[in-house]
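Notes to accompany the following structure.
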Amino acid sequence: MKKKRRIVLPVISALIVIAAVAVLGRLASRYIPSNEWMDQQEYFDTRGDEIALIMQDQLVRYKGMWKDDRVYLEHEAVIEYLNQRFYWDESEALLLFTTPTQIYKIPADSREYMVDDETRSEEYVIAFWQEEILYLDAEFVKRFTFMEYEFMTDPNRAVIRYEKTPQTAAVMKKATSVRFQGGIKSPILTKVSKNDRVWIVDEMEDWTRVLTADGYLGYVKNTTLGDRSEETLEIPDFTEPVYTSLTQDEKINLVWHQVTNEDANDSLLDELEGVEGVNVISPTWFSVIDNDGNISSLADKTYVRRAHRKGMQVWALIDNFNVDVDTETVLSSMAARENIQDQLIEAALEYSLDGINIDFEAIPQSAGEDYIQFIREMSVKCRENEIVLSIDNPVPQPYTAHYNRREQGIVADYVIIMGYDEHYVGSDVGSVATMNFVRSGIESTIISVPCNKVINAIPFYVRIWNTDSQGNISSEAVSMGRAQSVVEEAGAEIQWDENAEQNYAEWYASDGSLYQVWLEDDESVDARAKLTETYRLGGIAAWKLGLEETYVWDVISKYIAP
């Protein structure tokens with residue numbers, strides 16, 4: 001029996017030791033930091049001469065290229081993060097860059113380029129294509145862009161800073177590892193030393209995501225971070241472009257005049273009978289008629305002289321309504337764009353026009369960049385000739401973001417909101433423009449456009465809706481006065497619609513059809529005109545001359561007169 005006890009005790013001791021080792025192993029596995037390094041080439045996802053791009057505090061999917069001992073940036077990265085004015089024109093195989101006064105035309109794989117009619121050159125290729133990707137020289141981009149960058153090797157990477165808002169920086173209290181993810185078992189990306197500076201990207205309970213000076217985005221423990229400070233990027237040798245504007249001191253009171261033939265020009269004085277306070281009239285004179293950018297014209301010098309004698313500026317309108325015109329084809333062609341612009345400027349000078357009103361509607365999303373390039377180019381020519389440039393826009397919706405109202409607000413003189421057609425032919429029954437719709441359009445626009453450049457357009461027309469006994473819906477657009485007469489003839493009761501903030505009437509016809517109408521009258525016009533004052537807008541516009549009742553001009557003038 002004694003021998004058995006001597007055998008059992010060592011066995012038990014051995015098992016205890018093994019268990020203790022296992023526990024300690026598990027504890028070590030859990031609490032001892034990993035020394036594993038992440039493959040840096042894999043982290044930056046670069047191959048050959050590619051350059052990883054760290055845009056402010058993001059490692060982005062776009063790449064740069066190291067070529068001829070220079071840093072080149074992927075064009076799409078430049079557009080998305082740095083400067084959207086570098087536009088590639090496929091029709092002419094040219095990189096275009098538009099300043100307030102000039103248009104740069106840059107061929108790929110060339111050191112030479114054109115600025116207006118002058119040939120210039122650099123000591124390097126400005127842009128080149130490689131594997132269907134366009135790359136731009138970083139220094140050339142930097143010449144026109146608020147940005148700074150630092151290029152580093154092994155692996156190739158460029159840290160690019162461009163934000164004008166303050167960024168939080170921190171000084172490291174001690175040396176530590178920067179890890180791919182928050183946690184001591186995550187692979188190491190790089191090391192930072194005591195007193196190194198990092199930029200704070202995202203703070204969590206125990207770990208903080210930082211950007212290191214050498215371009216790594218990773219995590220450090222919060223306890224390693226020391227003093228923090230707010231730093232604002234300053235680039236002393238960069239001068240912001242100055243976009244001069246013909247935005248005026250007095251508020252604009254504009255009315256569109258639909259002119260469909262030359263004889264209609266002769267009716268101007270009759271149409272203006274009883275009109276008071278209007279300082280801009282916009283005749284619908286020009287239209288794009290083919291995909292080469294040729295335009296039709298109904299311009300008339302006598303009309304302009306008569307308007308000027310009435311104290312009105314003339315901002316002639318151009319539209320893209322011709323069914324034979326493909327707007328995307330026109331706008332994507334530099335030759336067609338220039339053709340439109342040159343004809344408009346020539347007409348403006350010949351007929352002593354004060355401004356041009358661009359009314360291009362239903363622009364497809366695929367043509368968004370082409371459209372805004374057209375506006376930029378047009379603005380250069382208008383600015384050179386002191387011609388007011390105004391742009392008509394639908395009420396902002398997610399599907400019209402490509403109209404790029406922010407850029408319009410920079411390069412154009414006025415951005416006009418067409419605050420109507422909330423309900424239209426083919427839509428559900430409703431007001432042409434409820435107050436919520438109008439307010440939303442204004443508030444969404446002034447987020448990106450200076451309020452003194454925004455003009456809110458109101459309707460002088462009304463839709464009379466008819467829902468027949470089978471539920472079929474139709475509508476007819478009529479003048480303010482005609483709508484009032486129809487309601488009176490029907491003997492319908494007029495009630496205030498709190499939601500639309502308009503007077504409303506409905507009635508049934510003998511065949512069982514339901515008629516509904518939201519009236520435009522002194523109350524609706526007053527409420528909408530007052531928004532010019534509420535939001536400190538640049539003015540008000542109305543579609544169209546001849547559909548109004550004369551009392552509207554006194555109503556509008558209350559909010560327009562200085």
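Keep in mind that this is a model prediction, so the values were computed, not measured. Position 1 is the first residue of the sequence; numbering continues from there.
- Contact record, D421 with Y461: OD1-OH, 2.7 Å, taken as the closest heavy-atom pair.
- Listed here is the closest heavy atom pair of V517 and A483: CG2-CB, 4.5 Å.
- Using a 4.5 Å heavy-atom threshold, the side chains of V330 and I340 count as touching.
- Using a 4.5 Å heavy-atom threshold, the side chains of D359 and F321 count as touching.
- Residues Y243 and P241 form a side-chain contact, since some pair of their non-hydrogen atoms from C-beta on lies under 4.5 Å apart.
- Around the CD atom of E92, the shell of radius 6.0 Å holds more than 12 heavy atoms that belong to other residues, nucleotides or ligands.
- At least one side-chain heavy atom of V304 sits under 4.5 Å from a side-chain heavy atom of H308.
- Put simply, the side chain of R536 never gets that close to the backbone of N452: no donor and acceptor are under 3.5 Å apart.
- The nearest pair of heavy atoms linking M480 to F460 is CG-O, 3.2 Å.
- For CD of E262, the number of neighbouring non-hydrogen atoms (other residues, nucleotides, ligands) closer than 6.0 Å is 12 at most.
- Within a 6.0 Å sphere centred on NZ of K530, other residues, nucleotides and ligands contribute 12 heavy atoms or fewer.
- With contacts defined as side-chain heavy-atom distances shorter than 4.5 Å, the pair M147/Y81 does not qualify.
- In summary, the aromatic rings of H257 and Y303 are positioned with their centroids under 6.0 Å apart.
- For the atom pair CG of L73 and CG of L136, the computed distance is 7.0 Å after rounding to the nearest 0.5 Å.
- With hydrogens and angles ignored, the 3.5 Å screen pairs a side-chain donor or acceptor of S91 with a backbone N or O of M334.
- Listed here is the closest heavy atom pair of S379 and V411: CB-O, 3.3 Å.
- A donor-acceptor contact shorter than 3.5 Å links the side chain of N279 to the backbone of K251.
- Each of N265, D300, N357 was compared with W285 under the side chain to side chain donor-acceptor pair (under 3.5 Å) criterion, and only N265 meets it.
- Cation-pi geometry between K164 and F146 is met: under 6.0 angstrom from the ring centre, within 45 degrees of the axis.
- Note on ring orientation: taking the six-membered ring where Trp is involved, the planes of W256 and W543 are tilted (angle from 30° to 60°).
- At a cut-off of 3.5 Å, with distance as the only test, no side-chain donor of N339 or D292 sits close to an acceptor on the other residue.
- Between I494 and L519, some side-chain heavy-atom pair lies under the 4.5 Å cut-off.
- The environment of CZ in F238 is crowded: more than 12 heavy-atom neighbours from other residues, nucleotides or ligands sit within 6.0 Å.
- Contact check for V478 versus V486: no side-chain heavy atoms found under the 4.5 Å cut-off.
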Given side chain to side chain contact (heavy atoms under 4.5 Å, CB included), test Q84 with N404 step by step and report yes or no.
CA-CA 11 Å; Q84 61 182 289; N404 198 343; 2.7 Å; yes
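- In this structure, a donor-acceptor pair under 3.5 Å is absent between the side chains of E523 and Q502.
- Residues S479 and L547 approach most closely at CB-O, 3.5 Å, considering heavy atoms.
- Across G419 and P459, no two heavy atoms sit closer than the pair O-CD, 4.3 Å.
- Surrounding CD of E346 are at most 12 heavy atoms belonging to other residues, nucleotides or ligands under 6.0 Å away.
- Under 4.0 Å is where a charged nitrogen must lie from a carboxylate oxygen, and between E377 and R337 at least one such pair does.
- Applying the salt bridge (charged side-chain N to carboxylate O under 4.0 Å, His left out) definition to pairs two or more places apart or across chains, none involves residues 303-327.
- F360 and Y371 have tilted rings, their planes meeting at an angle from 30° to 60° on a 0 to 90° scale.
- Of the charged side-chain nitrogens involved, none lies within less than 4.0 Å of a carboxylate oxygen, so that E407 and R405 do not count as a salt-bridged pair.
- Ring-centre distance between F97 and F144: below the 6.0 Å cut-off.
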Throw together a table of side-chain donor-acceptor distances under 3.5 angstrom for residues 553-562, partners on residues two or more places apart or in other chains.
from, atom 1, to, atom 2, distance (Å)
S557, OG, W553, O, 2.7
K558, NZ, D526, OD2, 2.7
Y559, OH, D526, OD1, 3.2
Y559, OH, D526, OD2, 3.1

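- Among residue pairs with one or both ends in residues 474-501, those qualifying as salt bridge (charged side-chain N to carboxylate O under 4.0 Å, His left out) are R439-E501, R482-E489; sequence neighbours excluded.
- Contact check on D89 versus K105 returns no salt bridge, with no Lys/Arg side-chain nitrogen under 4.0 Å from an Asp/Glu carboxylate oxygen.
- Looking only at side-chain heavy atoms (C-beta outward), I318 and I295 come within less than 4.5 Å of each other.
- Side-chain polar atoms of S332 and E328 form no donor-acceptor pair below 3.5 angstrom.
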